[in-house]
Amino acid sequence: MKGAHRTLYASKRLKRMTHKSASPGSPTLETARIALLMSFMWPQRVGMFEALQAAVADLGVFVSTPMERNRPWQPICGKLKIVVQKTITLPTYWRHPLGFRDINYIHFPVDTYARLRRYRPSVVISQQLGFRTLMATVFRLLHPRSRLIVWAKMTEHQQKGKRPLRFALRKVLLRFADAVM
């Protein structure tokens with residue numbers, strides 16, 4: 001129940017932040033300046049983010065790489081303003097407890113904090129719970145008027161076999177998130 005209460009609390013805070021009758025100085029959806037931090041842009045998500053871009057004051061999309069090597073499609077950005085960050089990428093070979101192996105890429109976008117500081121978003125949406133979210137959390141802590149939404153695209157099944165250090169880092173990062181989706 002503790003996690004459910006926290007999620008409800010976070011969603012109420014986010015609703016207040018984006019509601020038109022929010023306190024003076026609070027950003028509304030129409031005035032929000034949103035930074036979206038992702039590994040890369042999935043072609044099938046371009047339309048969704050273009051709709052978000054039309055609903056907010058400004059949307060900046062910051063990606064770690066134009067496309068990962070193991071993806072069979074070309075990068076597509078549509079009308080989005082996409083910035084490719086300075087990133088160190090390491091391939092990892094993961095063996096799931098069920099027996100299958102998979103190649104994954106771990107991205108370390110080293111200029112995330114600097115780019116967020118220049119962009120000055122009111123809301124940061126950070127994909128996954130790794131280095132980019134760590135940098136977004138640092139930004140959130142140093143800029144208390146900003147908000148952090150963590151976009152955790154993962155399941156418990158996918159996370160089996162991950163190292164304990166990752167779980168500990170993720171718990172800490174989730175404590176500082178204003179909302180999780």
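Just so it is clear, the structure is predicted and the values come from calculations on it, not from any experiment. Quick note: numbers below take in every heavy atom, side chains included, and nothing from hydrogens, waters or symmetry partners. Numbering starts at 1 and runs along the sequence shown.
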Are Phe108 and Met67 connected in a single hydrophobic cluster, I mean Ile/Leu/Val/Met/Phe/Trp/Tyr linked by side-chain heavy atoms less than 4.5 Å apart? no
Do Tyr105 and Ser64 have side chains that approach each other closer than 4.5 Å (heavy atoms only, starting at C-beta)? no
Hey, does the Lys NZ or Arg CZ of Arg33 hover above the aromatic six-ring of Tyr119, less than 6.0 Å from the centre and inside 45° of the axis? yes
Any side-chain to backbone donor/acceptor pair from Glu30 onto Ala57? Under 3.5 Å, distance only. no
Side chain to side chain donor-acceptor pair (under 3.5 Å) assessment of His107 paired with Thr89: CA-CA 5 Å; His107 302 287; Thr89 300; 2.9 Å; yes
Using modelled atom types and a 3.5 Å cut-off, is there a donor and acceptor pairing between side-chain atoms of Ser146 and backbone atoms of Val123? no
What's the verdict on side chain to side chain donor-acceptor pair (under 3.5 Å) for Asn104 and Tyr93, showing C-alpha distance, side-chain angles and the deciding distance? CA-CA 6 Å; Asn104 288 306; Tyr93 302 92; over 6 Å; no
With a 4.5 Å limit on heavy-atom distance, are the side chains of Val180 and Ile149 in contact? no
N/O donor to acceptor pairs below 3.5 angstrom from side-chain atoms of residues 38-45, sequence neighbours left out:
residue	atom	partner	partner atom	Å
Ser39	OG	Gln127	OE1	3.3
Ser39	OG	Arg132	NH2	3.2

Can you tell me how far CG of Asp58 sits from CD1 of Ile34, rounded to the nearest 0.5 angstrom? 9.5 Å
Do you know which two heavy atoms are closest between Ala136 and Ser126, and how far apart they sit? CB-CB, 4.2 Å
For Gln85 and Thr112, which I'm curious about, is there any donor-acceptor pair between the side chains at under 3.5 Å? yes
Does the side chain of Ile125 come within less than 4.5 Å of Met181's, by heavy atoms? yes
Taking all non-hydrogen atoms of both residues, which atom of Phe176 and which atom of Arg140 are closest, and how far apart? O-CG, 4.3 Å
Is a donor on one side and an acceptor on the other found under 3.5 Å between the side chain of Asp178 and the backbone of Leu148? yes
Find out if a path of hydrophobic residues (ILVMFWY) with successive side-chain heavy-atom gaps under 4.5 Å connects Val63 to Met48. yes
List in chain and number order the residues that pass salt bridge (charged side-chain N to carboxylate O under 4.0 Å, His left out) with Arg71, two or more places apart in sequence or in another chain; answer none if no residue qualifies. Glu68
Candidate pair Leu29 and Val56, rule side-chain contact (heavy atoms from CB on, under 4.5 Å), full reasoning: CA-CA 6 Å; Leu29 192 58; Val56 300; 3.8 Å; yes
Could you check whether Lys86 pairs with Asp111 (Lys NZ or Arg NE/NH1/NH2 to Asp/Glu carboxylate O, under 4.0 Å)? no
His143 to Tyr113 - nearest heavy-atom pair and separation: CE1-OH, 3.3 Å
Tell me, with the steps shown, if Leu129 and Val150 meet side-chain contact (heavy atoms from CB on, under 4.5 Å). CA-CA 7 Å; Leu129 287 160; Val150 174; 3.4 Å; yes
Is any side-chain heavy atom of Thr65 closer than 4.5 Å to one of Val84? no
Tell me whether the rings of Trp151 and Phe49 are parallel (<30°), tilted (30 to 60°) or perpendicular (>60°). perpendicular
Taking the side chain as every heavy atom from C-beta outward, state whether Leu80 and Leu59 have any pair of such atoms under 4.5 Å apart. yes
What distance do Thr87 atom OG1 and Phe131 atom CZ have between them, rounded to the nearest 0.5 Å? 9.5 Å
Are side-chain heavy atoms of Val124 and Leu116 found at a separation under 4.5 Å? yes
Kindly write out the residues that satisfy side chain to side chain contact (heavy atoms under 4.5 Å, CB included) with Lys171, not counting sequence neighbours, or none if the list is empty. none
State, yes or no, whether a side-chain contact exists between Ile103 and Thr92 at a heavy-atom distance under 4.5 Å. no
Using a 4.5 Å cut-off on heavy atoms from C-beta on, say whether the side chain of Cys77 contacts that of Ile82. yes
